[in-house]
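The structure appears below as structure tokens.
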Amino acid sequence: MARSRPSSAKWTLLLSLAILLGCLVVPGVTVKHENFKKCSQSGFCTRNRAYADDVSAQGSSWSSPYDLDPSSIQFKDGQLQGTILKSISAEEKVKLPLAISFLESGAARIVVDEEKRLKGEIQVRHNSQARKERYNEAEKWALVGGLESSTTAVVDPDVEAGFTKVLYGPDNKYQAIIRHSPFSVDFQRDGQTHVQLNHKGFLNMEHWRPKVEAEEGVETKVDESTWWEETFGGNTDSKPRGPESVGLDITFPDYNFVFGIPEHADSMSLKETRGGDGNHEDPYRMYNSDVFEYELNSPMTLYGAIPFMQAHRKDSTVGVFWLNAAETWVDIVKSKSSSNPLSLGVRSKVDTQTHWFSESGRIDLFVFLGPTPQEISKTYGELTGYTQLPQQFAIAYHQCRWNYVTDEDVKEVDRKFDKYQIPYDVIWLDIEYTDDRQYFTWDTLTFPDPKGMEEQLDDSERKLVVIIDPHIKNKEKYPISDELRNKGLATKNKDGEIYEGWCWPGSSHWIDCFNPEAIKWWTGLFKYDKFKGTLANVFIWNDMNEPSVFNGPETTMPKDNLHHGNWEHRDVHNLNGLTLVNATYNALLERKKGEVRRPFVLTRSFFSGAQRTSAMWTGDNQATWEHLGASLPMVLNNGIAGYPFAGADVGGFFNNPSKELLTRWYQAGIWYPFFRAHAHIDTRRREPYLIAEPYRSIISQAIRLRYQLLPAWYTAFHEASVNGMPIVRPQYYVHPADEQGFAIDDQLYLGSTGLLTKPAVAEGTTSVDIYIADDEKYYDYYDFTIYQGAGKRHTVPAPIEKVPLLMQGGHIIPRKDRARRSSGLMKWDPYTLVIVLDKNGEAEGSLYVDDGETFNYQQGGYIHRRFHFGKSSLSSEDIGSKGPKTADYLKKMANVRVEKVVVVDAPKEWQARSSVTVIEDGAKVATTSLLEYHAGQAGQAAYAVVKKPNVGIGKTWKIEF
């Protein structure tokens, strides 16, 4: 029976009162668990866990019902095809088509489907219009390449009966050993097994079956209470296709650490999920949700889902990507054993056993054999796309709160940043800028002159970001709403009628961006003549796109809603946010004919592939020291999962941080790839210039450090955009052989720069212990204090005014040292190169530069240089590729020079020298550039400074010391 709903006007009044009340009451600190399912409240999670328990309990007596029919096996063009038979009884077997594709990249893809559903030979209940097939279009949204079949993969004929072996990968050094009965696959590299599928026997595909009404008084052997419908929180899911979950165990033998599967507010190293000290009781859940005031150290679902996991051990990384957009849970168990318990000194072997299960869809799994984390990143990136190369402004500082209340308020904030000489690039507007929560409008009372506001920002090369959510206010004579309804572009309910739910505007409809016509329509809404009041420096924030539905089950959309093509929402839920972001990105490309700039879009909800078009943030965190600490592993985990343009709300979204907490959060936030301060509507204003001294100056210095290092940041973003490498990197990623560092997730490296930082995340901190894995020298960024000693922690002073930051020997770090109001005003500023010598007296680094705005870099309009120092000589080498835009860009950059070179740990013999020789483009330029030598103090390295070498940043040159 449908619940009665208040009228739109009444609902809006109630919502307004609730928001007002919320402004008067300090929020609590506990998530409302009753709004979100635990595994025990999810039918398919409970069934798959019970299935695994039953299999484990039977042990060696268990006989899996899944066998690969040997007569069905065919191998052609790098793909093995066959049929898995699921035995229901001696007479009945369900056919499950299998395809294992061996890809040119070295990855392998395993797809298992269900023949009856694939052919549409099933009946759907309740006269539902839902599709009969298992959802098979996730790749359409998530994948962009890397699917080329291997031309060298072969079936090994020399294998015992009951098995098929395929040789593939580089020089065919990888092996897939496919067992027929019961079906399982072992993936080997270098003769060792690294990934096992169905090793534990948890493979489970809930095949279609008609519902048979139980005879009255007759007990059934199986609990079918959640097969045909399921109720939670007063909402009933009709499940027209019946039970259809898929599950599989994936084992990583001899791997103790697994990372990835964001988004969770947890450690980077994933915990076990079957209970025990320090472990979780529930599996990690991936079901994109609007979780209000989320808790820490939890496997609970959050706003985004990337079903990509890496397993790591000394000098070996492997990974799996579970391409399924439905609700998914992952159990993790670690088992210990040794190869010979009677032998002394034998290392215990730890196998990490994972169990993945999704509510619907097919099994679609990629296996990556590495062996390095960098190769895993690259191969995964080839499939799902590398992170976008954003505009320069996007990697600078963003100032946001809910809400700046008028256009004059925005302009005053802008002026105050300049008055206090604090740089920033972007100011943001939350929902209150709109007219009555109607997107693509302005409140004419509070924002009567948006273009005037934007023009003032543009005078300082600053940008404005405004929020546009996917829920459209259900209101007559609101043109956007009228068009959405009349054109049939909204998500539908289970009966095929337009779906109505409740969000910020009150009664709302949701755009269905699975529909190509809806995408086309959405794209048109952002054109300047349609979204009136916007200029070219306006960009977009997509929030609430899980989607968040205030009166929906688990604060989201019913699973039996219907999307374009009559796919159920259950099939595509985790993709929903991605489809909106893709549409918004394309819309920003087409705002005005002939004016193409790189879009900037921020999203809260995401899936694999969202990195191509957007940045993300970790949602509604809290102003606590614990949430500050948790932000680091969350951002790091996103990076290794292929989505590195990540950040957290600096200062905490809820509540009011102390001055010390806010200061430390800025010092940590400058190391988020996406660096934005944000705050809830009921918090006190906390723009940096409002904070009392000395904190204001300390925060300002932290922000300036981010701006000083923008050349290094932009180079790291470029690297991520071409090979999938994280922008900020955890310890194991940089030192994959150092076992002591594998679980460290509170310190990070910036790109390939050798910059190592460990933010202070505890109250009253005066020092931090930074772990150093290698025996290279590390130097304090500010005074060049030397830290050396492999495999141990080093105490680094961290008084409140200091950002703990070390430089690893062997790197050359590009900087810009002139303070400006925004990054756009730094475009023509000269560079400083900091050369940090290694123990052999050498160093390397790189710099990537383009116009920071257009796509001209795709046609050669960029500078990419490699710097090398060795044998008392610093050289600059071109490592870019030429294109039609190269010459013009080099001409524009001809006057951008290197104004200073700093050499850390400079040789003592330089003390007697006062000049260097500069050779540019093969010609000797000068021998009079000053060389200043500064002898090292106690514990500090000597350093030398070359002033005004005056070499062009885009030219080939050499400086001889």
Side-chain angles (χ1 to χ4, degrees), residues 66-86 94-115 117-119 133-159 161-189 193-198 203 205 246 248 250 308 318-324 361-370 375-376 378-380 382-384 608:
Y66 296 91
D67 298 321
L68 175 58
D69 179 5
S71 66
S72 70
I73 297 174
Q74 296 180 333
F75 186 86
K76 183 180 180 182
D77 297 331
Q79 185 181 77
L80 182 144
Q81 291 185 321
T83 301
I84 296 173
L85 300 176
K86 177 184 180 181
V94 174
K95 292 183 178 181
L96 307 174
L98 166 72
I100 305 180
S101 302
F102 301 93
L103 307 178
E104 197 63 38
S105 64
R109 182 184 191 181
I110 302 92
V111 177
V112 185
D113 212 319
E114 182 181 352
E115 187 176 273
R117 294 186 198 260
L118 194 60
K119 292 181 176 180
E133 309 99 300
R134 290 182 176 271
Y135 184 63
N136 54 18
E137 294 184 1
E139 65 181 275
K140 170 182 171 182
W141 300 99
L143 306 185
V144 293
L147 294 175
E148 296 80 12
S149 294
S150 171
T151 57
T152 58
V154 295
V155 173
D156 186 350
D158 186 23
V159 66
F163 293 85
T164 300
K165 181 194 291 186
V166 178
L167 310 178
Y168 72 106
D171 301 319
N172 279 4
K173 291 182 179 178
Y174 298 168
Q175 298 180 356
I177 300 174
I178 303 154
R179 184 180 181 183
H180 301 165
S181 183
F183 170 74
S184 66
V185 188
D186 285 3
F187 289 93
Q188 297 187 343
R189 187 192 72 228
T193 299
H194 293 267
V195 182
Q196 298 173 312
L197 309 184
N198 203 33
L203 172 61
M205 290 193 75
V246 295
L248 179 67
I250 304 171
F308 173 42
V318 296
V320 293
F321 172 37
W322 179 268
L323 182 53
N324 191 302
R362 59 187 189 174
I363 292 177
D364 192 349
L365 174 71
F366 291 83
V367 175
F368 311 101
L369 293 182
E375 286 171 291
I376 297 286
K378 190 172 191 303
T379 307
Y380 173 78
E382 288 173 356
L383 286 170
T384 64
S608 298

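All values below come from the heavy atoms of this structure, side chains included, with hydrogens, waters and symmetry mates left out.
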Practice task
List the steps, then state whether side-chain contact (heavy atoms from CB on, under 4.5 Å) holds for Asn324 with Asp364.
Solution key: CA-CA 7 Å; Asn324 191 302; Asp364 192 349; over 6 Å; no

Check residues 69-80 and write down every donor-acceptor pair under 3.5 Å in which the side-chain atom is one partner and the other belongs to a residue at least two apart or another chain.
{"from": "Asp69", "atom 1": "OD1", "to": "Ser71", "atom 2": "N", "distance (Å)": "3.1"}
{"from": "Asp69", "atom 1": "OD1", "to": "Ser71", "atom 2": "OG", "distance (Å)": "2.8"}
{"from": "Asp69", "atom 1": "OD2", "to": "Ser71", "atom 2": "OG", "distance (Å)": "3.1"}
{"from": "Ser72", "atom 1": "OG", "to": "Asp69", "atom 2": "O", "distance (Å)": "2.6"}
{"from": "Ser72", "atom 1": "OG", "to": "Thr83", "atom 2": "N", "distance (Å)": "2.8"}
{"from": "Gln79", "atom 1": "OE1", "to": "Gln81", "atom 2": "NE2", "distance (Å)": "3.0"}
{"from": "Gln79", "atom 1": "NE2", "to": "Ser101", "atom 2": "OG", "distance (Å)": "2.8"}

Practice task
Starting from the C-alpha separation in whole Å, work towards a yes-or-no answer on side-chain contact (heavy atoms from CB on, under 4.5 Å) for Met205 and Arg134.
Solution key: CA-CA 11 Å; Met205 290 193 75; Arg134 290 182 176 271; 3.8 Å; yes

Between [X] and [Y], what is the shortest heavy-atom contact and its length?
{"X": "Val159", "Y": "Lys165", "value": "CG2-CB, 4.2 Å"}
{"X": "Asn172", "Y": "Thr152", "value": "ND2-O, 3.0 Å"}
{"X": "Gly370", "Y": "Tyr174", "value": "O-OH, 3.2 Å"}
{"X": "Phe102", "Y": "Ala108", "value": "CD2-CB, 4.2 Å"}
{"X": "Tyr168", "Y": "Ala107", "value": "CE1-O, 4.3 Å"}
{"X": "Glu382", "Y": "Val144", "value": "O-CG2, 4.2 Å"}

Exercise for the section: Using only heavy-atom distances, determine whether the side chains of Asp67 and Ser181 contain a donor-acceptor pair under 3.5 Å. Expected result: yes

Any side-chain heavy atom of [X] sitting closer than 4.5 Å to one from [Y]?
{"X": "Tyr66", "Y": "Leu96", "answer": "yes"}
{"X": "Lys86", "Y": "Leu203", "answer": "no"}
{"X": "Thr164", "Y": "His180", "answer": "yes"}
{"X": "Phe321", "Y": "Leu143", "answer": "yes"}
{"X": "Ile178", "Y": "Ile100", "answer": "yes"}
{"X": "Ile363", "Y": "Trp322", "answer": "yes"}

Handout entry: side-chain contact (heavy atoms from CB on, under 4.5 Å) evaluation trace for Phe183 with Leu98
Key = CA-CA 11 Å; Phe183 170 74; Leu98 166 72; 3.8 Å; yes

Handout entry: Qualifying residue for side-chain contact (heavy atoms from CB on, under 4.5 Å) with Lys95, from Leu118, Ile84, Leu85
Key =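 That would be Leu85.
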
Problem - Test side-chain contact (heavy atoms from CB on, under 4.5 Å) applied to Val195 and Asp186, Val185, Leu365, Val318, the passing residue - result: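 Output: one option passes, namely Val318.
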
Can you check whether [Y]'s main-chain N or O pairs, donor with acceptor, with [X]'s side chain at less than 3.5 Å?
{"X": "Arg117", "Y": "Glu133", "value": "no"}
{"X": "Glu104", "Y": "Thr151", "value": "yes"}
{"X": "His194", "Y": "Leu369", "value": "no"}

Handout entry: Residues forming a ring pair (Phe, Tyr, Trp, His ring centres under 6.0 Å) with Phe368, sequence neighbours excluded
Key =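 Applying ring pair (Phe, Tyr, Trp, His ring centres under 6.0 Å) to Phe368 gives Phe308.
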
Practice task
Show the numbers, then the answer: is there a side-chain contact (heavy atoms from CB on, under 4.5 Å) between Val320 and Phe187?
Solution key: CA-CA 11 Å; Val320 293; Phe187 289 93; over 6 Å; no

